[in-house]
Amino acid sequence: MDYTVPKKFYELQYGWYRDIDLDYEAEQLLKVLDSAKKENDIQNYIKENKKWFIPASIFEDYDFGHHEAYISVEQPLGAEYKADYMLLGRNSIGHHIILVEFENVNVDFRLQKSNMETEAVRKGMTQINDWKRWMDNNRLYFLQSCGLSDISRNIPTWGITYCLVVGRRKRMDDISNQMRGQIQYERGIHIITYDRLVDNILKLGNGF
């Protein structure tokens, strides 16, 4: 490593998962999801117990993070916006960033009477669209403000991506999955349910 990562980033060093009972943690998260009433219940569970590996498990959906992996909590985007989590990972191509938005857990993906996204899904997508517009105009400022100027040249222009976590798998039907796929293709937003986090935790035994 030829740069210094700011202290606000938690490093997930090689082998960090070896002391964690991943089966137990996945089961516990599932219990929290089943009892959650609002999105803050999940956030509080993660933050109060410092279970950073839960949002960091999103690395499992990408092809980077196996050389280096870090997570920053409540990452500001200027004075206007704030991502719930920022993941910083590296592979042989360079460094990559994922900005993550957590939305409500107990929601449908679509309105049943019309093939439109529910309010929680629209809210999350609007938030991320705002981030993307801001980032298009402030990319270098953003990297400087979060202490990553030294590696800015190693982050490709397409190396900043976005992830929305919303809803439960059991509330997704075929049409909802088709809508999600279309949104991901057209808007470049990776959308997963909270159950995907449970799945990803179980995969962490092999690292990212």
Side-chain angles (χ1 to χ4, degrees), residues 1-20 39-40 42-103 123-166 187-192 197 200-201 204 207-208:
M1 183 189 304
D2 56 357
Y3 68 100
T4 301
V5 177
K7 292 182 179 179
K8 66 180 178 179
F9 285 87
Y10 297 91
E11 182 177 7
L12 296 129
Q13 298 179 335
Y14 180 77
W16 61 268
Y17 49 84
R18 291 174 182 165
D19 295 329
I20 300 176
E39 64 182 278
N40 285 344
I42 311 301
Q43 290 280 51
N44 291 339
Y45 174 71
I46 294 171
K47 293 175 181 178
E48 289 174 4
N49 298 285
K50 296 186 177 180
K51 294 183 181 291
W52 310 128
F53 62 87
I54 293 177
S57 72
I58 293 172
F59 274 123
E60 292 291 339
D61 289 356
Y62 296 82
D63 64 352
F64 53 87
H66 46 281
H67 287 182
E68 294 173 17
Y70 303 86
I71 183 168
S72 172
V73 182
E74 296 184 351
Q75 175 62 50
L77 282 73
E80 300 175 75
Y81 308 112
K82 183 182 294 183
D84 289 325
Y85 300 98
M86 171 177 161
L87 307 184
L88 171 67
R90 184 172 70 87
N91 61 9
S92 57
I93 297 175
H95 291 84
H96 306 260
I97 287 171
I98 311 168
L99 296 173
V100 183
E101 169 76 1
F102 274 37
E103 274 297 334
K123 178 174 176 286
M125 291 193 303
T126 298
Q127 181 70 70
I128 290 177
N129 285 333
D130 288 341
W131 295 353
K132 292 174 75 173
R133 281 192 294 270
W134 183 89
M135 190 66 71
D136 286 344
N137 295 318
N138 298 279
R139 184 176 182 274
L140 292 179
Y141 166 76
F142 168 73
L143 294 173
Q144 181 180 26
S145 65
C146 59
L148 300 177
S149 296
D150 291 345
I151 61 170
S152 60
R153 293 183 179 179
N154 296 330
I155 301 175
T157 54
W158 42 265
I160 299 179
T161 57
Y162 306 85
C163 179
L164 171 62
V165 185
V166 61
R187 304 192 188 186
I189 301 174
H190 185 49
I191 304 174
I192 63 174
L197 300 179
N200 285 351
I201 289 171
L204 291 177
F208 295 127

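The shown structure was predicted, so the numbers you read here are calculated from the model rather than taken from an experiment.
Between Y62 and H96, the closest side-chain pair of non-hydrogen atoms is not below 4.5 Å. For the pair S57/F53, no side-chain contact is recorded, criterion being any heavy-atom separation below 4.5 Å from C-beta on. I98 is not listed as a side-chain neighbour of H190, based on a closest heavy-atom distance of 4.5 Å or more. Taking the side chain as every heavy atom from C-beta outward, I46 and P55 approach each other to under 4.5 Å. Residues H95 and S152 fail the side-chain proximity criterion, which asks for heavy atoms closer than 4.5 Å. With contacts defined as side-chain heavy-atom distances shorter than 4.5 Å, the pair V73/Y85 qualifies.
The shortest non-hydrogen separation linking R139 to I155 is NH2-O, 2.6 Å. A pairwise comparison of heavy atoms in L197 and I54 identifies CD2-O, 3.9 Å as the closest pair. Of all non-hydrogen atoms in G124 and L164, the two that sit nearest each other are CA-CD1, 3.8 Å. Pairing each heavy atom of Y141 with each of G78, the nearest pair is CE2-CA, 4.1 Å. Between I20 and W16, the shortest heavy-atom contact is CD1-CZ3, 3.6 Å. For the residue pair L77 and A83, the shortest heavy atom distance occurs at CD1-N, 3.7 Å.
Atoms CD1 and OG1, from I189 and T161 in turn, are 11.0 Å apart once rounded to the nearest 0.5 Å. Once rounded to the nearest 0.5 Å, the distance linking OH of Y70 with CZ of R90 reads 8.5 Å. Summarising the geometry, atom CZ belonging to F142 is positioned 5.0 Å from atom CD1 belonging to I97; distances are rounded to the nearest 0.5 Å. Taking CG of L143 as the start and CG of N154 as the end, the distance is 11.0 Å to the nearest 0.5 Å. Atoms CD1 and CG, from I160 and L88 in turn, are 10.5 Å apart once rounded to the nearest 0.5 Å. To the nearest 0.5 angstrom, I192 atom CD1 is 5.5 Å from D61 atom CG.
Not one N or O on the side chain of N49 forms a donor-acceptor pair closer than 3.5 Å with the backbone of K51. Checking side-chain atoms of N44 against main-chain N and O of K47 turns up no donor-acceptor pair under 3.5 Å. Looking only at distances, no side-chain donor or acceptor of N200 sits under 3.5 Å from a matching main-chain atom of E60.
For the pairing with M125, the side chain to side chain contact (heavy atoms under 4.5 Å, CB included) check across E103, R187, E101 returns one residue only, R187. The side chain to side chain contact (heavy atoms under 4.5 Å, CB included) with I71 is formed by just one residue from the set F59, Y10, F9; it is Y10.
At a threshold of 4.0 Å, the pair D130-R133 counts as salt-bridged, since one of the basic side-chain nitrogens sits closer than that to a carboxylate oxygen.
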